[in-house]
Amino acid sequence: MRVVLIFGPPGSGKGTQSEKIAEKYSFAHVSTGDVIRAEIATGSEDGKLAKALIEDGQLIPDDLMITLLLRCFNEIDISCGVILDGFPRTVLQAQGLKALLRERDGEVSIMLDMKVPDEEIVERLVLRGETSGRSDDNEDIIRKRIKIYHEKTEPVLEFYKKEGLLCSIDGTGTIEEIFERICIVLDQSTSK
Ligand code: AMP
């Protein structure tokens, strides 16, 4: 099972590129933001906790995130491969993913790190907020999410760098230009 990770700050185009990658390479697309939003929509206690944290721009707890991801993996067909969008966001999650995949005879084949300057991200997300309906797409919360990304999520890069799986992608330019860069990398990386 081929597992591709797409990594980067909020607004770096992970969701848009993941959809295109999933279509071209016939992967399942798992966005942990979507997984959490679906949990919130059920009105569960976990969903209520997650809602408060998301609206405040914070990450949800690692154990809850891993539980939700595991449930998702059991519900969808990932045998042809999966693109994981927005996960892992902490080193603990990266370790959890490694253990979870080991049990399923899978491993991460590459991590795509989308590089976009912070100010461009703020501009993109403020614009997205005009139509996304997401309460976390407002400027104060956006800046908080970027800060948390640098503090808690960026260390995950080192984890995958050590594993020799890290690949930086210039995340600026048009959607098609960025997708072309990603396809070159995915086509070159060995199929697992
Ligand atoms: P996203 O849709 O990827 O921008 O995620 C929206 C929000 O969901 C994030 O700001 C976090 O609050 C939460 N979230 C998504 N993925 C994770 C994760 N892997 N770990 C913790 N929280 C997450």
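Because the structure is predicted, anything quoted here is derived from the model rather than measured. Note that ligands are numbered from 1 as they come in the structure, with each ligand's atoms numbered from 1 the same way.
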Please list the nearest protein heavy atom to atom 11 (C) of ligand 1 with its residue and the distance rounded to 0.1 Å.
Gln58 O, 3.6 Å
Suppose we measure from atom 10 (O) of ligand 1 to each protein heavy atom; which comes out shortest, and what is that distance?
Arg145 NE, 3.9 Å
Reported CD1-to-CG distance for the pair Ile40 and Asp46, which is rounded to 0.5 angstrom
10.5 Å
Give the atoms of ligand 1, by number and element, whose distance to some non-hydrogen atom of Met65 is under 4.0 Å.
17 (C), 18 (C), 19 (N), 20 (N)
Check each atom of ligand 1 against the heavy atoms of Thr32 and keep those under 4.0 Å away; list them by number with element.
15 (C), 16 (N), 17 (C), 19 (N)
Looking only at N/O atoms, are Gly86 and ligand 1 under 3.5 Å apart anywhere?
yes
Heavy-atom contact under 4.0 Å between Arg37 and ligand 1?
yes
May I ask you to identify the nearest protein heavy atom to atom 8 (O) of ligand 1, giving residue, atom name and distance to one decimal place in Å?
Ile54 CD1, 3.4 Å
Do me a favour and list the nearest non-hydrogen protein atom to atom 22 (N) of ligand 1 with residue, atom name and distance?
Ile60 N, 3.1 Å
Can you confirm whether more than 12 heavy atoms, excluding those of Lys98, are under 6.0 Å from its NZ atom?
no
Kindly check if the number of other-residue, nucleotide or ligand heavy atoms within 6.0 Å of CG (Asp105) is above 12?
no
Would one find more than 12 heavy atoms of other residues, nucleotides or ligands at under 6.0 Å from atom NZ of Lys51?
no
Output for pair (Glu39 CD, Ser44 OG), nearest 0.5 Å, gives 3.5 Å
Pick from Lys152, Arg89, Lys14, Arg134: the one approaching atom 3 (O) of ligand 1 most closely through a non-hydrogen atom
Arg89
I need the atoms of ligand 1 closer than 4.0 Å to a non-hydrogen atom of Gln93, numbered in the order shown.
18 (C), 19 (N), 20 (N), 21 (C)
Assess whether atom CD of Glu163 is packed by more than 12 heavy atoms of other residues, nucleotides or ligands within 6.0 Å.
yes
Counting heavy atoms only, which of Asp137, Val156, Ile36 comes nearest to atom 23 (C) of ligand 1?
Ile36
Identify the residue among Asp140, Asp56, Asp136 that makes a salt bridge (Lys or Arg N to Asp or Glu O under 4.0 Å) with Arg145.
Asp136
Between Asp118 and Tyr149, is any side-chain donor less than 3.5 angstrom from a side-chain acceptor?
no
